[in-house]
Amino acid sequence: MNTSIAIFLVVGVVFGLATVSQRHLYSEGPAHRGADDTLGAKILWVLTCTFLWPLMLLSRLFALWHRRAEARRVRVAATPSSRRTPRSPPR
C-alpha cells in the first residue's frame, strides 16, 4: 500500500515539473504565460499537481478536445458556401 501511494506522489511531482511552463492553460494556474514565474509559484504548482494530477490530466485532455472541436467549427464556418456540399431539399 505504501508503494502505491509513493508511486502516485512521484507521478504527480513529475507531472507538475513537466507542466510548470504550461500553468496558464489550467484554471489553477495564472491567467497568462509569464504572469507569475516566481520560485514560490512554481513550487506551489508542483505541490498542487502532486495530489491532483489525475484531475489535471483530465482537464487538459478536455481542453485539447474542446480546442480541436472549436478549430473544426471555425474552419467549417470559414469555408465558402460554394465549396460546401449541397443538401437535397426535404420532400
Side-chain angles (χ1 to χ4, degrees):
M1 174 130 168
N2 288 337
T3 305
S4 60
I5 293 173
I7 291 172
F8 181 87
L9 295 177
V10 168
V11 168
V13 168
V14 171
F15 181 83
L17 291 172
T19 60
V20 75
S21 64
Q22 300 173 357
R23 291 177 296 152
H24 63 284
L25 300 176
Y26 296 89
S27 60
E28 290 81 3
H32 57 281
R33 183 181 289 237
D36 192 10
D37 281 340
T38 63
L39 180 61
K42 291 178 182 180
I43 290 173
L44 182 63
W45 177 256
V46 172
L47 290 175
T48 302
C49 287
T50 299
F51 297 102
L52 299 177
W53 69 268
L55 297 175
M56 304 290 257
L57 184 63
L58 288 175
S59 69
R60 181 68 174 143
L61 291 174
F62 175 75
L64 289 173
W65 172 80
H66 189 268
R67 282 186 185 180
R68 185 170 291 168
E70 183 68 19
R72 187 179 312 121
R73 187 188 66 77
V74 168
R75 188 173 50 244
V76 168
T79 318
S81 59
S82 62
R83 293 183 63 193
R84 292 184 188 162
T85 57
R87 295 182 180 168
S88 59
R91 292 183 183 195

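Just so you know, residue 1 is the first one in the sequence shown, and it goes up from there. The analysis underlying the following values was restricted to heavy atoms, covering all of them including side chains, and did not include hydrogens, waters or symmetry mates.
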According to a hydrophobic-cluster definition based on side-chain heavy atoms being under 4.5 Å apart (Ile, Leu, Val, Met, Phe, Trp, Tyr only), do [X] and [Y] belong together?
{"X": "I7", "Y": "L9", "result": "yes"}
{"X": "F51", "Y": "L57", "result": "yes"}
{"X": "L55", "Y": "I5", "result": "yes"}
{"X": "L44", "Y": "V20", "result": "no"}
{"X": "M56", "Y": "V11", "result": "yes"}

Do R73 and E70 sit within salt-bridge range, that is, some charged N less than 4.0 Å from a carboxylate O?
->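 Yes, this pair counts.
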Of all the heavy-atom pairs spanning [X] and [Y], show the shortest one and how long it is.
{"X": "T50", "Y": "W53", "value": "O-CD1, 3.6 Å"}
{"X": "P54", "Y": "F8", "value": "CG-CE1, 3.7 Å"}
{"X": "C49", "Y": "G16", "value": "CB-CA, 3.5 Å"}

So, does T38 use its side chain to make a donor-acceptor pair with the main chain of A41 at under 3.5 Å?
->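 Yes.
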